[in-house]
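Inspection log for the structure reproduced underneath, given as structure tokens.
Every chain is numbered from 1 and lettered A, B, ... according to where its sequence line falls, protein lines coming before strand lines.
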Amino acid sequence: MPLDWMDLDAAGEAPAAPLARTSFDERALLENLNDAQRQAVLHGEGPLLILAGAGTGKTRVITRRIAWLVATGRAAPQEILAITFTNKAAGEMRARCAAFFPVKGLWISTFHAMGARILRREIAALGGWTRDFSIYDTYEKNQLLKELVKDLGYDAQRFRPAAIGAWISNEKNRRFEPTLPGTGGPGGVEGEVYAQVRARYDAALKEHNALDFDDLLLKVLELFEAHPLVRDQYAWRFRHVLVDEYQDTNHVQYRLTRHLASRHGNLTVCGDPDQSIYGWRGADIGNILDFERDFGGERAVVVVKLERNYRSTECILEAAQGLIRHNLARKQKELWTDKHSAARVRVLECGDENDEAHAIAARIQQGLAAGRRPDQIAVFYRVNFMQRALELALRLAGVPYQIVGGVEFYQRREVRDLISYLRLLVNPRDDAACARVINVPGRGIGEKSLEELARWARERGLPLAATAGARAARELVKGRARRGLEEFAELLVRLAPHAEGPAAAALEAVLAATDYRRHLGESGEPDVLARRENVDELVSGARQYDQENPEGGLSGYLSDVALVSDVDGFEEESPRVTLMTLHSSKGLEFPLVFIAGLEERMLPHGLALDEDPEGGLEEERRLLFVGMTRAMEELMLTHARMRLHFGETSFQVPSRFLGEIPSEWTEAPEPGEDAGVDDDGPRFVPDEEGEEDASLTLAPGARVEHDHFGFGVVEGVQGRGGSARLTVRFASAGKRVLLAQYARLRVVR
DNA sequence: AAATCCGCGTTTTTT
DNA sequence: ACGCGGATTT
């Protein structure tokens with residue numbers, strides 16, 4: 001996503017002359033739009049609410065509308081602000097706009113990226129921060145909180161950093177909202193501790209010249225409210241403001257939207273109350289439900305309803321609507337389509353999570369055999385841990401897949417290390433980054449030394465990094481640590497010039513100066529190789545950033561990196577089946593969709609029900625609705641009778657939602673009946689005690705039979721127990737590596 | 001200061 | 001069942 005920081009100089013100025021009208025064909029803009037869509041695109045001035053049901057062509061409408069505003073001279077590209085839910089959506093929308101007009105100056109981004117961008121320019125006005133501020137992610141936030149809890153003398157077991165962090169986030173998201181009943185967090189002593197920690201936390205962030213995710217929004221709001229002139233600069237600049245996925249905005253975002261649209265009043269919001277799934281992180285469905293009342297001032301709000309669905313077949317749509325109609329708090333809306341089909345939504349009952357995964361894998365193989373491409377298929381689940389069984393089953397079945405979310409690239413140690421170096425270069429006050437890298441690679445500066453240095457710095461109100469440059473501080477520690485600190489100081493001096501340059505150059509400099517690749521090790525172990533690959537990937541990512549954002553610089557790169565989201569990693573074109581959570585699936589579509597784990601307390605999730613029985617249930621229902629409406633042609637819902645959870649297997653009750661969905665139930669596959677699922681015969685499940693037996697039975701040379709691959713001979717065994725990898729040569733399927741635990745091999749005499 | 005061991009919480013969803 | 005953080009070794 002290009003971030004041209006400099007283009008703000010034009011802020012507040014009206015275009016010099018009325019823009020040349022229609023530098024491109026206006027008719028092309030209105031092609032292939034139905035009446036409602038056209039009405040939304042052609043809306044002139046004033047507030048517009050687009051109630052866009054799932055699959056009704058909302059993105060197309062927004063894109064065309066932006067293009068139309070530009071084409072007709074109603075706004076110059078730099079006078080338009082469009083907010084999307086993910087960076088990926090922003091990139092796509094920008095690309096689509098680029099097909100119509102030169103998009104230079106157009107702002108399309110997420111709320112968070114917009115916040116970072118505005119603050120990079122304006123934050124000094126708040127006092128305490130500089131434009132080189134760091135963005136702390138959840139991990140660093142929790143580290144900091146843990147430290148503060150301990151400093152204050154509290155037990156970090158009782159006052160868990162993550163819990164306090166979640167509470168703080170909640171507080172920040174609702175900052176200006178009258179306190180809602182039951183959301184005030186813990187009361188009594190606990191509440192006091194929380195508040196105390198929060199005060200320290202915010203102070204520490206300021207000292208570190210850092211912001212957390214929520215601050216990226218909140219600080220902009222504070223800025224706008226403390227400095228109306230700054231607010232007006234942006235409010236004047238953005239003649240048209242468009243917000244997508246408005247049903248998922250929180251109160252701070254709502255206030256920001258108000259401010260940004262305050263001068264021209266040209267606000268378009270787009271969304272679907274039935275797809276509001278982020279209530280747990282402060283999203284307020286009331287924002288969209290009350291939009292007409294809120295923004296209906298002198299000019300009445302125009303409401304356009306998009307109800308014609310272009311995505312799904314009739315059966316899928318009926319099933320999804322059958323479900324969502326059970327929500328009581330709901331605006332009436334009926335989606336319709338003229339896509340007919342024979343395939344009904346199917347429900348499949350499975351034995352346990354592995355049967356479920358194998359059943360899904362088998363159906364995917366059927367789909368592939370019938371000519372579907374892997375990228376037309378997706379599997380959704382409520383909770384990330386379900387990914388595991390699915391992944392193993394797909395791997396076993398030889399189906400290529402990608403997991404969206406999951407173990408994140410930017411969470412890897414080596415990536416965090418390097419990013420921390422860069423952050424420290426840009427922002428020497430970033431203590432979190434400094435503490436992370438001061439002893440990487442090892443310089444003999446251990447916990448004790450670090451503590452000494454931190455105390456020295458704290459007493460003087462200096463950042464941790466300053467200790468490296470101060471002789472007095474260096475003399476606090478002895479021997480190897482002192483020498484190490486000197487090295488670190490030299491390193492920082494050597495790297496300092498790179499703070500200004502492009503990202504890739506800085507990264508290369510860090511790699512060279514720290515000899516980081518050597519630090520990762522030189523062996524050929526898969527682990528080491530993977531780390532090296534990650535480093536290379538990081539470098540090429542930085543290069544790409546530099547190329548796409550010549551003006552971005554290192555701090556722009558770091559902003560981008562901090563704000564990448566799970567779905568941003570989703571590769572649409574890649575020929576692989578997609579695995580992701582229901583939350584991540586929002587906005588996407590696939591011809592063939594599976595949704596796993598439709599069981600009570602999984603979907604609807606138990607904790608959602610405990611927290612808020614009624615609202616929670618309805619949001620869970622919307623979540624399933626979102627997942628179902630991703631499907632274009634075929635949809636299959638699965639549930640398991642038993643599931644391994646927390647290390648123990650428990651019986652599962654089918655989700656109440658299944659009873660609300662018009663669908664076709666498939667009998668539980670009898671052993672051997674469902675392709676790929678076979679509980680017949682002795683299943684090879686080695687355990688600690690059985691290890692000896694297992695390795696005896698499945699030693700090289702053993703003859704085995706496999707459900708898919710038929711007869712084969714074991715050629716090798718790596719590892720032990722359930723996680724052992726078996727190399728088996730099959731008569732028909734060739735050589736395969738199988739996981740003992742899941743292979744369901746039968747020994748043949 | 002690094003290496004190993006143990007116990008506990010974890011798994012709701014994410015910018 | 002797993003991974004992390006804290007505690008306990010070497």
List the residues meeting side-chain hydrogen bond (donor to acceptor under 3.5 Å, both in side chains) with [X], not counting sequence neighbours, and say none if there are none.
X: A:D272; answer: A:Q275, A:K333
X: A:K88; answer: A:E92, A:E572
X: A:R480; answer: none

Any protein N or O atoms within reach of nucleotides 1-8 of chain B? Criterion: under 3.5 Å, listing atom names and distances.
| from | atom 1 | to | atom 2 | distance (Å) |
| --- | --- | --- | --- | --- |
| B:dA1 | OP1 | A:G444 | O | 3.3 |
| B:dA1 | OP1 | A:G446 | N | 2.4 |

Gap between atoms [atom1] and [atom2], on [X] and [N] respectively (whole Å):
X: A:D612; N: B:dT13; atom1: CG; atom2: P; answer: 18 Å
X: A:K172; N: B:dT14; atom1: NZ; atom2: C1'; answer: 16 Å
X: A:K88; N: B:dT15; atom1: NZ; atom2: C1'; answer: 16 Å
X: A:Y410; N: B:dT14; atom1: OH; atom2: P; answer: 18 Å
X: A:D566; N: B:dT13; atom1: CG; atom2: C1'; answer: 10 Å
X: A:E451; N: C:dG6; atom1: CD; atom2: P; answer: 12 Å
X: A:E353; N: C:dA1; atom1: CD; atom2: P; answer: 11 Å
X: A:K141; N: B:dT14; atom1: NZ; atom2: P; answer: 15 Å

Quick one: list whatever passes side chain to side chain contact (heavy atoms under 4.5 Å, CB included) with [X], sequence neighbours left out.
X: A:P441; value: A:Y421, A:R443, A:T514, A:H519
X: A:E414; value: A:R412, A:Y516, A:L520, A:R531, A:N534, A:V535
X: A:F385; value: A:V383, A:M602, A:R643, A:H645
X: A:D430; value: A:S134, A:Y136, A:R423, A:N427, A:A432, A:A433

Base, sugar-phosphate, or nothing for A:K146, non-hydrogen atoms under 4.0 angstrom?
sugar-phosphate

Counting the atoms with a prime plus P, OP1 and OP2 as sugar-phosphate, which does A:S584 contact under 4.0 Å by heavy atoms, base, sugar-phosphate, or nothing?
sugar-phosphate

Does a nitrogen or oxygen in the side chain of A:K150 sit under 4.0 Å from OP1 or OP2 of C:dG5?
no

If you compare every side-chain N and O of A:T581 against the phosphate oxygens of B:dT13 (OP1, OP2), does one of them come in below 4.0 Å?
no

Taking only the C1' atom of each, what is the distance from C:dG5 to B:dT12 in whole angstrom?
23 Å

Nearest-angstrom distance, C1' atom, C:dG6 to B:dT11
22 Å

Hey, do the aromatic rings of A:H583 and A:W280 have their centres closer than 6.0 Å?
yes

What protein N or O atoms touch nucleotides 10-12 of chain B N or O atoms at under 3.5 angstrom, if any, and at what distances?
| from | atom 1 | to | atom 2 | distance (Å) |
| --- | --- | --- | --- | --- |
| B:dT10 | OP1 | A:R160 | NH2 | 3.4 |
| B:dT11 | O2 | A:H645 | NE2 | 2.7 |
| B:dT12 | OP2 | A:H605 | NE2 | 3.4 |
| B:dT12 | O4' | A:H605 | NE2 | 3.4 |
| B:dT12 | O2 | A:R382 | NH1 | 3.1 |
| B:dT12 | O2 | A:R382 | NH2 | 2.5 |
| B:dT12 | O4 | A:E611 | OE2 | 3.1 |

Is any side-chain N of the basic residue among A:E391 and A:R395 closer than 4.0 Å to the acidic one's carboxylate O?
yes

